[in-house]
Structures are given as C-alpha cells and as structure tokens.
Amino acid sequence: LTIPVLIMGSEFYKIGFKTLSKLSPNMDSLIAVGTGATFIYGIYVIYQLAYGFSYGDMERIHQYGHDLYFESAAVILSLITLGKYLEARAKGKTSEAIAKLIELAPDEALVERDGKEISIKTSDVEVGDIVVIKPGAKIPVDGTIIGGYSSVDESMLTGESMPVEKTKDDKVITGSVNQTGHFRFRVTEIGADTTLSKIIQLVEEAQGTKAPISKLADKMSMYFVPIVIGISIITLVIWLMIGREFNFTFRMAIAVLVISCPCALGLATPTAIMVGTGMGARHGILIKTSEALELMKKVDTIVFDKTGTLTKGVPEVTDVLAYDEEKYLLGVAASAESMSEHPLSNAIVQYAQSKNIEKTNATDFEAVVGKGIIAEVNKQRIIIGNDKLMQQNGIDTSHKKEAIHRLSNEGKTPLLIGYEGKLQGIIAVADTVKPDSKKAIEALLRLGKDVVMLTGDNEKTAKAIGNQMGIQQVISDVLPEHKSDAVKALQSKGKQVIMVGDGINDAVALTQADIGIAIGSGTDVAIESADVVLMKNQVSDVVTAIELSQSTIKNIKQNLFWAFIYNIIGIPIAAGLLYPAFQISLNPMIAAAAMSFSSVSVVTNALRLKGFKPTHGDFENDQREKHIISDIYEENKARKGAEKMKKTIYIEGMSCMHCVGHVDKALAAISGVEKVDVNLEEKNAIITSNINIDDQALIEAVNTAGYEVTGIEG
C-alpha cells in the first residue's frame, strides 16, 4: 500500500537525491532520505519478522514487532504533496494575462484599397495601408492620422482616464478605442512591432526572469540533512567499533534517519500559508503565491501607479467659480456638455444632476478639437473650453489668470465658460484622490517604507497629486514600457520593490517588481499579472498585506521550531546516547507520539493566525472610514453598470443569421456597450451599456456593417 504513494511522490526522490549529490540538499532531499530510510528499514523489519515466525523466534518478533514505519512514509509524502498542490493552485497564470492583452487587438480592420473601404483580417494589414476608424471602433494597428479628428480612449493601455485628442499627424496605438469622431490613419507598425505586442513581450520576459524565492524549510534543510546523515553514519561506525552486532547498529543508524524525517515539516509552511492567505481573503486581500506572502515582509520600497490606484480614475467636478448666477451657469454648461461624450463633459453633466439642476436642449453643437465645445442654449452662444478657445471667440480672460493658474497648479483642468461676450465662470475638473490613499501613504512612511508615485501625467499635475498625499518621490510623463524601467532602476540600487497598479500599462511593471499588487477594480491583465489583488480597491490594504506577511512569516518560523524540536531531542536518543547508561533506545511508539504531537503543535500554532488584526490598515473601527468604503463600493457598483442604459435599434436589411452576426459584432465594438441582443424576426437590436452612447455612433456602426437604422428608442 505504501509503494503507490512512493511512486506518486517519485519527483521528491528525483530532485532530492539530485540536489543531495550536488551537495546542496533542500526540503526534497530531507523527504527523500527520511521516507526512503523508513521504507528500507520497513523491508528489513519484514525480513526479521518473517525469520522470527519461520523459526519461532519470539524474542526477535517482540524486538521488531513495533518497528514498521511504512505508514509514516505514506503519510509524510501525502501531506507534503497536498501542501504543494494547494500552493500550486493559488499561483497566478501568466498565460491568462497575456491572453487578455492579445484580446485587446480587434480581429478585423477597415482599410481603403482601390478607392473602396473593405474589411480585412488585422493580420493582413500592411505597413502603408490607410485604415478607416469610425466612432466606437478599436484601433487594430499602430499608425499616424492623415485626416479627421477625434478623442481616443487609451486608458486600457496607458491607465490614464482622460481621453486623448487626436488630429492630423498624431500617433494612434493598437487596442485603444475611438470615441466620437471619424478619422483615417496610415499604418506604421504591424504585428510584433506594435506597442501592444511590445507590452506583451515585456510581460513574458519579466515573468520569465522572476526568480523563485528560497523556502525557509529549504534553507534549514540545507544544513539539517547533512547533519542528520552524518550522525547516522557516525552512529553506525561507533556502535560497530564498540563491538555491537550489525543488526543492532543498523537499527540505530536507520532510527536516526527515521526520527529525523519531520512529519510536521510538511505542515509547517503550508498550514501557516493557508491560514495566512485565508485571513488575507477575510480582509479583501487575495494572495496568489507563498513567495509573495514571504517577500512582502522584506520589501522596502512601494511604487504606486496614480490613476485608478491612488486616484478614483474618473474625472469629477472639484471647483465652481461662478461670475454669473451659479445655478444658471451650471444649467447652461450641463446642457451644452450633454451633447458631448467626453469624460470632462460627463463630469459636468453628472455634477449638475447631483445638484438637481435641469438641462435644456442645446443646438448647433460644435466640438473644437483640443480646445472645447460651442453650442447654443436658451438662444445664447455658449463657449466652454480652454484659454485658446476663449481668445479665438473674443472673450477676455486676463483678469482671471491667477485663478486659472492656481487650479492648474493643483492638478485640475479648468474649463472656462463664456457667453454674452465675456467670461462667466470656471468649472475645474480633476481625477480626485481616493479617500484612504493619504492615510495609507502615511502608514507606509511610519513603517519606514519608501513611497514612489509613477504616472503618465505631466509633471505639474503629478506633483500636485503627490503633494496632496505627502509623496516626495514622483516620476511623471512615464510611458507604459518605462514604468517597468523605473522599477528595474530601483531594483538595481538593491531595493526590494512592491508595485501597486490597475492598468494594462502596469502589467509589465507588476511582473517586474518583486511583488506586484493589483487593485481589484483594475483590468484583468493587471490582476492576472499581479501576485496580490486588493479586492476592496482600498490602497490601505497594501499596509494590511505587509503586516499579514510579517505575522505569517513569524508564524512559519515558530512552526519550523516545533517541527524540528522533537527531532533534535529524539535524534540523540535514536543514536543510542542513553543506551550505555540506561539501556534506553528509541521506542517507536514514543517516536510516533512525538511526531504526532509535533504536527498538532504546528497546526495549533498556525491557527493562531486567525487572530490577526491589522494595526495600520484597518478601517473597521473607524466610522468615518466605513462611509468611505461604502462610497467606494457605490462607485465600483456604478462602474460595473448597476444602472444600465438600454436602447432598442430598429434595423432594415437583415435577412439571415450572418446578418445578425455582422450587426452584433459592429455594435459590440462600440466603447461602453456591455451586451447586444439582435432579433432577426423583430428586425431590431437591444444594447445594454454603462454609459450614455450617442445615437449617431450606433447609426454609423450599423451602417458600416451594411444595414440601415430606421429608428432608435431609449
């Protein structure tokens, strides 16, 4: 019955004896030597018992009757294999992260060839091709715009929440999503040369070079195994020199190896890690690997991505400076901005709604790329945008320069509002800091950690956000591949680095860092690339994770003590130290009891971790912070589409399921669309989204697929 278990654990013997032969024994060597000795000695005992029964030698039967150790070998191998299996299940899968990245690139591209627009596979696109991008479409390859303009959502790659205004000669990158405009671009990079492909390659390389952390048990085994083998050999030699018979000396030598095989050692690390990761889960912290749990204790530098990690990642109105009646100002601004799908526009519209300010219909809407918008509201020409747009329309802003500069220096975007020929107000919009970020940074600084903030934002905005939270080290204008370089630079100085992020652009840095921590509301790629995931989206949980690591490693060391102490006591007895004076040799029943008690001690000690309570990162007793957690929950709930928008689009021209597939694909490609249901019989399509999608974008998507929209409801 033991033999199948040994076969199942054959890897322990292959690795264990191989490392032993190279004079670098590890945990596997200890398991291989101990269980191997147990099994060999068991066979020897069977031979002795068989001999005793064959010849009626009752003294021999009595001597060896309790010396069978087969069950010890089977139990040790089973426990350790179970521990390794549980650990393996928790490990992150890089392949899944890379698959998520690959999915960002669309399968097809709309290109101009021979004066016609045709849809071809992305893999067939060539450098120099002209690609046509319509509202809501994903960009299939890298290129440079040759005509048209739009705002492009690059957040999936850059992590930055603000869309980027694009016009002629601007570069566009694979996987980013066009929003409202229409443009054409010339292909400059395809295949492995695109920005997205380079990020995928960087993730693969960083993951491949990440060395595993040596286990504490392995380190102890490196010294323990040679010592035990040496004691066993010395025991054999000394008893033979004294003149004892071979059976006696062999029994003593094997007993040393048997008692040294630590049953509890197979439980010491896995039990503490299982309880530790369980406590992490209770606090909303998903720890994927035991290496991560071990290394967090040693980390001295914490690097934070800004957008979506330290900040909410969504623009919000922060200041309203009204030089006219405020309610009226907000009303006309929200009415004009409701015609635009720009995130800054959405922020103003939502702010007005929160103040119960009603909008009126706007007409003659015009989006001025890179500057703002113009629309007619209440028969007034409303101009909203930057200083350049005001000057172009003859509106003087010189008397408000100080306020504009102050808001800009605070990392906010001031939107100037003009009508009746003069500046009537300023609405400032910014990506605001999460409520718990500052408290978390303060706690990390108290723990003696260096804190660094990385962001793609400009230096002025980045420093303003950093100052709000007390972060002195701010690295701004960072491209996706350079985030990984920044982490490498810190590591080259001997720093142990935690990287905390949420965007696809953070995936490489998360993998490059000694420990990658992803915010739970982040992208799937970031979560898959990370070693730790903060499910509650609280930055303060970084502190909790570090404290949990400290408690768990301390518990593992205590477990290793309990795992080895019985061996340390039992080995001299097994070697016969007490035999000359007291005729005491190792009693197998006592050895079994000691081994069992050792295991019980380890498990009991590991369960003490269930009493873990964070000292710095715990908000449970802070009523004010409870409201914050509720706000964050509501924010995430809103992000995930708690309040869904549905629209029914009536379509002519669909005649078969192929038509249904074309319409489904066209609508699903629009940014913000979560679900599409196309009904051939009813000649309609129902879309569900978490944002307000412009009807024109829906019409263009259906028209591009080759069908006609006859009406839209909702």
Side-chain angles (χ1 to χ4, degrees), residues 151 160-165 306-307 310-312 314-338 340 342-355 357 359 362 367-375 377-378 380-433 438 455 457-471 474 476-477:
S151 59
E160 304 309 320
S161 57
M162 300 292 187
V164 182
E165 303 293 341
K306 179 186 78 71
T307 307
L310 292 173
T311 64
K312 294 179 180 179
V314 179
E316 292 181 354
V317 172
T318 57
D319 302 83
V320 177
L321 306 180
Y323 310 128
D324 188 16
E325 200 273 317
E326 183 174 319
K327 188 173 181 180
Y328 181 78
L329 178 82
L330 285 171
V332 295
S335 299
E337 295 286 11
S338 65
S340 169
H342 196 288
L344 298 183
S345 302
N346 292 337
I348 292 174
V349 172
Q350 289 177 10
Y351 182 78
Q353 288 175 346
S354 70
K355 298 291 185 181
I357 295 173
K359 302 192 302 289
V368 184
V369 64
K371 296 176 183 177
I373 66 165
I374 300 172
V377 181
N378 297 334
Q380 282 184 323
R381 190 165 179 260
I382 310 298
I383 303 163
I384 305 175
N386 59 22
D387 199 31
K388 288 182 181 178
L389 186 62
M390 296 297 125
Q391 290 175 18
Q392 284 179 4
N393 288 272
I395 295 176
D396 180 28
T397 61
S398 58
H399 60 299
K400 298 300 178 184
K401 290 289 186 187
E402 185 179 339
I404 295 169
H405 288 312
R406 176 180 60 80
L407 292 169
S408 297
N409 290 333
E410 291 172 358
K412 301 168 183 176
T413 302
L415 298 174
L416 313 184
I417 304 166
Y419 50 87
E420 295 179 349
K422 62 181 180 179
L423 182 66
Q424 302 286 1
I426 303 173
I427 298 177
V429 180
D431 180 12
T432 55
V433 173
K438 185 177 181 180
T455 177
D457 281 351
N458 61 63
E459 184 180 0
K460 184 167 68 174
T461 300
K463 285 188 175 179
I465 296 292
N467 289 336
Q468 287 182 42
M469 294 177 286
I471 300 175
V474 176
S476 58
D477 300 300

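Starting from 1, each residue takes its place in the sequence as its number.
- Checking N409, L321, N386, I426 one by one against I404, the side-chain contact (heavy atoms from CB on, under 4.5 Å) holds for a single residue, I426.
- Of the inter-residue distances, the one linking I373 atom CD1 with I384 atom CD1 reads 4.5 Å to the nearest 0.5 angstrom.
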Task: Residues L310, I471; criterion side chain to side chain contact (heavy atoms under 4.5 Å, CB included); working and verdict - done: CA-CA 11 Å; L310 292 173; I471 300 175; 3.8 Å; yes

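- Contact of the V474 side chain with the K306 side chain is not registered, since no non-hydrogen atoms from C-beta on lie closer than 4.5 Å.
- Here CD of E402 is found 10.5 Å from CG of L407. Values are rounded to the nearest 0.5 Å.
- Between D396 and K422, the closest side-chain pair of non-hydrogen atoms is not below 4.5 Å.
- L330 has its side chain within reach of I427: a pair of non-hydrogen atoms, C-beta onward, lies under 4.5 Å apart.
- Counting only distance, with no hydrogens or angles, the side chain of Q380 and the backbone of I382 share no donor-acceptor pair below 3.5 Å.
- Ring orientation note: the planes of H399 and Y323 are tilted relative to one another, at an angle of 30° to 60°.
- With contacts defined as side-chain heavy-atom distances shorter than 4.5 Å, the pair D324/E420 does not qualify.
- Between E410 and R406 there is a salt bridge, since a side-chain N of the basic residue sits under 4.0 Å from a carboxylate O of the acidic one.
- The distance from atom OG1 of T311 to atom CE of M469, rounded to the nearest 0.5 Å, is 7.5 Å.
- Counting heavy atoms from C-beta outward, I374 and N393 have side chains that approach closer than 4.5 Å.
- At distances below 3.5 Å, at least one donor-acceptor pair connects side-chain atoms of S338 with backbone N or O atoms of S335.
- A distance of 10.5 Å separates NE2 of H342 from CD1 of I348, quoted to the nearest 0.5 Å.
- The shortest distance between side-chain heavy atoms of Y328 and N378 falls below 4.5 Å.
- No side-chain heavy atom of E316 sits less than 4.5 Å from a side-chain heavy atom of Q350.
- With no hydrogens or angles considered, no side-chain donor-acceptor pair links S476 and E459 at under 3.5 Å.
- The line from CD1 of I417 to CG of L329 is 4.0 Å long, rounded to the nearest 0.5 Å.
- For the atom pair CE (M390) and NZ (K400), the distance works out to 14.5 Å, reported to the nearest 0.5 Å.
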